[in-house]
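This report concerns only the one structure given below.
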Amino acid sequence: MVDAEKGTASTSNRHNPTYDEQEISFCGILIIAGSILLCIVFFPLAPFFVIKVVAQYEKAVILRLGVIRKGGAAGPGLFTFLPCVDEIHVVDMRTVSFDVPPQEILTKDSVTITVDAVVYFRIQDAVSSVCNVDNVKNATRLLAQTTLRNMLGTKSLSEILSEREEISNSMQQILDEATDPWGVKGRAS
């Protein structure tokens with residue numbers, strides 16, 4: 001990111017929460033041992049149920065008994081998991097684009113305009129996108145709509161027409177700050 005006032009590059013203060021590995025209770029150890037025992041007993045069939053493949057553009061966040069498994073997100077490629085113990089969330093790491101539906105906005109000088117936008121975003125931290133927000137795509141979409149309405153409502157029609165690039169940069173900065181805890185990096189056009 002470039003700081004417009006100073007003309008220098010600045011690093012983003014990325015919010016990377018640490019998910020400490022928690023102690024597994026005695027009951028949890030029994031459940032894990034039972035799952036491993038079942039995999040051993042049903043060995044000829046077990047590889048079909050304990051090996052998963054994620055594509056090059058995906059990562060898998062594995063929750064073992066509701067806690068993020070040590071090592072964070074797995075993938076791309078092959079990884080193993082324990083059936084009945086692990087919950088797998090596959091996250092698409094590719095850039096996603098969507099149209100912000102046309103919004104009727106009343107500008108500062110009381111002119112009603114209809115505007116739309118295109119937002120591009122990419123999940124950069126799979127663990128944060130699974131743990132910090134329920135539906136990252138829908139949340140980003142709604143945030144972009146709200147940001148567009150709020151930003152353009154404070155400007156006059158002439159400012160909107162003449163400052164399109166500045167509006168786009170401001171919207172990107174606002175979206176980045178709001179979606180940073182979700183592990184998302186956005187771009188508005």
Side-chain angles (χ1 to χ4, degrees), residues 1 11-101 118-147 172-189:
M1 242 187 235
T11 58
S12 174
N13 290 335
R14 185 119 183 101
H15 174 22
N16 284 330
T18 56
Y19 298 99
D20 297 328
E21 189 169 334
Q22 297 178 359
E23 293 285 328
I24 298 176
S25 66
F26 179 72
C27 184
I29 292 171
L30 287 178
I31 292 171
I32 291 171
S35 181
I36 292 172
L37 182 65
L38 283 174
C39 289
I40 292 170
V41 169
F42 294 107
F43 176 71
L45 298 174
F48 296 109
F49 298 103
V50 300
I51 296 175
K52 181 140 175 99
V53 179
V54 291
Q56 181 68 33
Y57 54 86
E58 295 175 329
K59 292 222 179 210
V61 178
I62 304 169
L63 301 174
R64 177 161 290 158
L65 298 175
V67 179
I68 295 174
R69 195 168 89 175
K70 185 178 178 183
L78 287 171
F79 64 92
T80 59
F81 66 98
L82 293 175
C84 304
V85 176
D86 291 342
E87 181 180 343
I88 300 171
H89 298 273
V90 178
V91 178
D92 191 342
M93 303 296 283
R94 296 179 289 185
T95 299
V96 177
S97 66
F98 62 86
D99 294 324
V100 175
V118 177
V119 176
Y120 303 92
F121 73 92
R122 182 174 181 272
I123 296 175
Q124 292 189 337
D125 184 4
V127 174
S128 293
S129 73
V130 168
C131 294
N132 294 345
V133 67
D134 183 33
N135 184 342
V136 72
K137 292 179 182 177
N138 193 35
T140 304
R141 179 181 313 247
L142 293 174
L143 180 66
Q145 278 182 285
T146 304
T147 303
Q172 179 180 353
Q173 182 180 13
I174 291 169
L175 288 174
D176 281 346
E177 288 174 6
T179 59
D180 192 45
W182 303 343
V184 173
K185 175 81 171 138
R187 166 121 173 71
S189 295

Self-check item: Rounded distance [0.5 Å steps], CG in Leu45 versus CG in Leu38
Solution: 12.0 Å
Quiz item: Hey, is CG on Asn135 packed in by over 12 heavy atoms from elsewhere, all under 6.0 Å?
Solution: yes
Quiz item: How long is the span from the OG1 atom in Thr179 to the CD1 atom in Ile174, to the nearest 0.5 Å?
Solution: 11.5 Å
Exercise. Looking only at non-hydrogen atoms, find the nearest pair between Arg64 and Arg69 and report the distance.
Key: NH2-NH1, 3.5 Å
Exercise. Without swapping roles, check the side chain of Asp180 against the backbone of Asp176 for a donor-acceptor pair under 3.5 Å.
Key: no
Quiz item: If only atom types and distance count, is the side chain of Thr146 paired as donor or acceptor with the main-chain N or O of Leu142 below 3.5 Å?
Solution: yes
Practice problem: State the CG-CD1 distance between Leu63 and Ile88, to the nearest 0.5 angstrom. | Solution: 9.5 Å
Practice problem: Taking all heavy atoms of Ala73 and all of Val61, pick out the closest pair and write down the distance. | Solution: CB-CG2, 4.2 Å
Quiz item: Do the non-hydrogen side-chain atoms of Gln172 and Lys185 ever get within less than 4.5 Å of each other?
Solution: yes
Quiz item: Do Phe79 and Ile62 touch side chain to side chain, with heavy atoms closer than 4.5 Å?
Solution: yes
Quiz item: Within a reach of under 6.0 Å around CZ of Phe98, are more than 12 heavy atoms found that belong to other residues, nucleotides or ligands?
Solution: yes
Exercise. Quick one: pull up CD in Gln124 and OG in Ser129 and give me the separation to the nearest 0.5 Å.
Key: 11.0 Å
Quiz item: Where do Val136 and Thr140 come nearest, in terms of heavy atoms and distance?
Solution: O-OG1, 2.7 Å
Quiz item: Is the closest side-chain heavy-atom distance between Ser97 and Val119 below 4.5 Å?
Solution: no
Self-check item: Reported CD-to-CG distance for the pair Gln145 and Asp99, which is rounded to 0.5 angstrom
Solution: 11.0 Å
Exercise. Please report the shortest heavy-atom distance between Leu143 and Thr147, naming the atom on each side.
Key: O-OG1, 2.7 Å
Practice problem: Apply salt bridge (Lys or Arg N to Asp or Glu O under 4.0 Å) to Arg141 and list each qualifying residue two or more places apart in sequence or on a separate chain. | Solution: none
Quiz item: What heavy-atom pair brings Val100 and Ala144 nearest, and what distance separates the two atoms?
Solution: CG2-CB, 4.1 Å
Quiz prompt | Value rounded to 0.5 Å, distance of NZ in Lys137 from CZ in Phe121 | solution = 6.0 Å
Exercise. State, to 0.1 Å, how close Pro83 and Phe49 come at their nearest heavy-atom pair, and which atoms those are.
Key: CG-O, 4.2 Å
Quiz item: Can you find a pair of side-chain heavy atoms, one from Glu58 and one from Pro76, that are under 4.5 Å apart?
Solution: no
